[in-house]
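Predicted model only: the values in this text are computed from it and were never measured. Sequence lines set the chain letters: A, B, ... in the order given, protein chains first and strands last, and positions in each chain run from 1. Reckoned from all heavy atoms, side chains included, excluding hydrogens, waters and symmetry mates.
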2 protein chains.
Amino acid sequence: MISKTEFIQKLRNSSLRPTKQRIDICDVLFNREKTFHFTINDLFNLVKERKDQKASLATIYNTVHAFHKKGYLKEIPINSNQTYFDTNVTDHHHFFDVKEERLIDLKNEDVGPIDIQKSIPGKKIKSVEVLVKLED
Amino acid sequence: MISKTEFIQKLRNSSLRPTKQRIDICDVLFNREKTFHFTINDLFNLVKERKDQKASLATIYNTVHAFHKKGYLKEIPINSNQTYFDTNVTDHHHFFDVKEERLIDLKNEDVGPIDIQKSIPGKKIKSVEVLVKLED
DNA sequence: ATTCTTCTTTAGAATAATTATAAAAAACTA
DNA sequence: TAGTTTTTTATAATTATTCTAAAGAAGAAT
């Protein structure tokens, strides 16, 4: 359970003003047992459900982008009509159930080390992500 | 160099009528030394450049979807404003240069075997794709 | 060839995710 | 409290993609 004060601290440390909306979004995103996957729309609805506060869709977009930029959220590379984000920013991979449009975490240990034996001059590797598509 | 007749054959075998537009798109897509990555817009422009024939944007969409469904094109899982396709339908992976928005093939051999040590009940693996993001 | 049926193309409208805008509100500073 | 900067917000703009329905092309039957 992360306190409001902690969120305020963290936001300040990231030079993001701790607005009511941002604190609320933090609470929805990071006060959970497990990390989770969401779309902008998911998050918009989750925030809307709360009685205390609401945030406009534009704010959800702004905040998610700000958090992503700061490294508090990870974008999951899949082709979908909506962009998926992940509160698990550690190095890991995903299953994607194409039929149900559902993402499932895949731990690094469940994939084993991936050794990229090719390099591109002048470029370095930023991330290595595995996407495993599932079917019935 | 693949002949028009061959394209017509292949289209017929796939129960796709060999229209002028489809044959032209085949020529643009498959009559090349190397496989390549493209967006709908790229393809639209490539077809437009040709003097002999032009195809509407809707036809480009229709055809790409049809070819994808038949397994002649592969969709590359990345988050971009546009969807990328690949004429290389063999099992392989990609580098994505985020800055230049450029895709580069990564052979299976350059990645080594990927062993997914987790399974989801009732589901089987359809594909395993690695995306390596590059930065400067 | 001619007619009939089915599939395809096409322009344009519709949809939907995302981004841009600019004024009002909130947060910070002095 | 007044002044400055950042943020929120409603709304408009943008853009990739899908839908629609009419015209055109391809294939089949005669």
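- Within the 3.5 Å criterion, the main-chain N or O of A:I78 finds a donor-acceptor partner in the side chain of B:N79.
- Residues satisfying the salt bridge (charged side-chain N to carboxylate O under 4.0 Å, His left out) test with B:K123, not counting sequence neighbours, are A:D97, A:E100, A:D136.
- Between A:F44 atom CZ and C:dA17 atom C1' there is a gap of 13 Å when expressed in whole angstrom units.
- In this model, the phosphate group of C:dA26 is not approached by any side-chain N or O of A:Q21 to a distance below 4.0 Å at OP1 or OP2.
- A donor-acceptor pair under 3.5 Å is formed between the side chain of A:T63 and the backbone N or O of A:T59.
- The CD1-P distance, from B:I40 to D:dT18, rounds to 8 Å in whole Å.
- If you check residues 80-89 of chain B against DNA chain D, the residues with a heavy atom closer than 4.0 Å are B:N81, B:Q82, B:T83, listed by number.
- Protein atom CD1 of A:I8 is 10 Å distant from nucleotide atom P of C:dA27, rounded to whole Å.
- Both tests do not hold together for A:K54 against A:F44: distance to the six-membered ring centre under 6.0 Å, angle to the ring axis within 45°.
- Contacts between residues 13-20 of chain B and DNA chain D, defined by a heavy-atom separation under 4.0 Å, are made by B:R17, B:P18.
- For C:dA27, neither phosphate oxygen OP1 nor OP2 lies less than 4.0 angstrom from any side-chain nitrogen or oxygen of A:R22.
- Rounded to an integer number of Å, the gap from CD1 of B:I23 to C1' of D:dA26 is 11 Å.
- Contacts of B:F36 classified as ring-ring contact (aromatic ring centres under 6.0 Å, His included), with partners at least two apart in sequence or in another chain: B:F38.
- Helix bend of the helix from C:dA1-D:dT30 to C:dA30-D:dT1: the angle between its two end axes, each built from five pairs, comes to 30° after rounding to 10°.
- Residue A:N41 is out of contact with every strand shown, counting any heavy-atom pair closer than 4.0 Å.
- Counting only N and O atoms by type, the side chains of B:H37 and B:D42 include no donor and acceptor under 3.5 Å apart.
- For B:K74 (side chain) and B:T90 (main-chain N/O), a donor-acceptor pair under 3.5 Å exists by modelled atom type.
- Counted by atom type alone, B:H92 and B:D86 present one or more donor-acceptor pairs between their side chains at under 3.5 Å.
- For A:F95 against A:D105, the heavy-atom pair with the smallest separation is CD1-O, 4.4 Å.
- Nucleotide D:dT15 holds its P atom 16 Å from the CG atom of B:D42, rounded to whole Å.
- Inspection of the A:N41 and A:T39 side chains reveals no N or O donor paired with an N or O acceptor under 3.5 Å.
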Listed pairs, N/O of protein and of nucleotides 19-21 of chain C, under 3.5 Å:
from: C:dT19; atom 1: OP2; to: A:H65; atom 2: NE2; distance (Å): 3.3

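- Residue B:N62 contributes atom CG, which lies 17 Å from atom P of D:dA25 at whole-angstrom precision.
- For A:K133, the NZ atom sits in a packed shell: over 12 heavy atoms of surrounding residues, nucleotides or ligands are nearer than 6.0 Å.
- Nearest approach of B:K118 to A:L106, heavy atoms of both residues: CB-CD1, 3.8 Å.
- Straight-line distance from the CZ atom of B:F38 to the C1' atom of D:dA16: 15 Å, rounded to whole Å.
- Residues A:S14 and A:Y72 have side chains that bring a donor and an acceptor to within less than 3.5 angstrom of each other.
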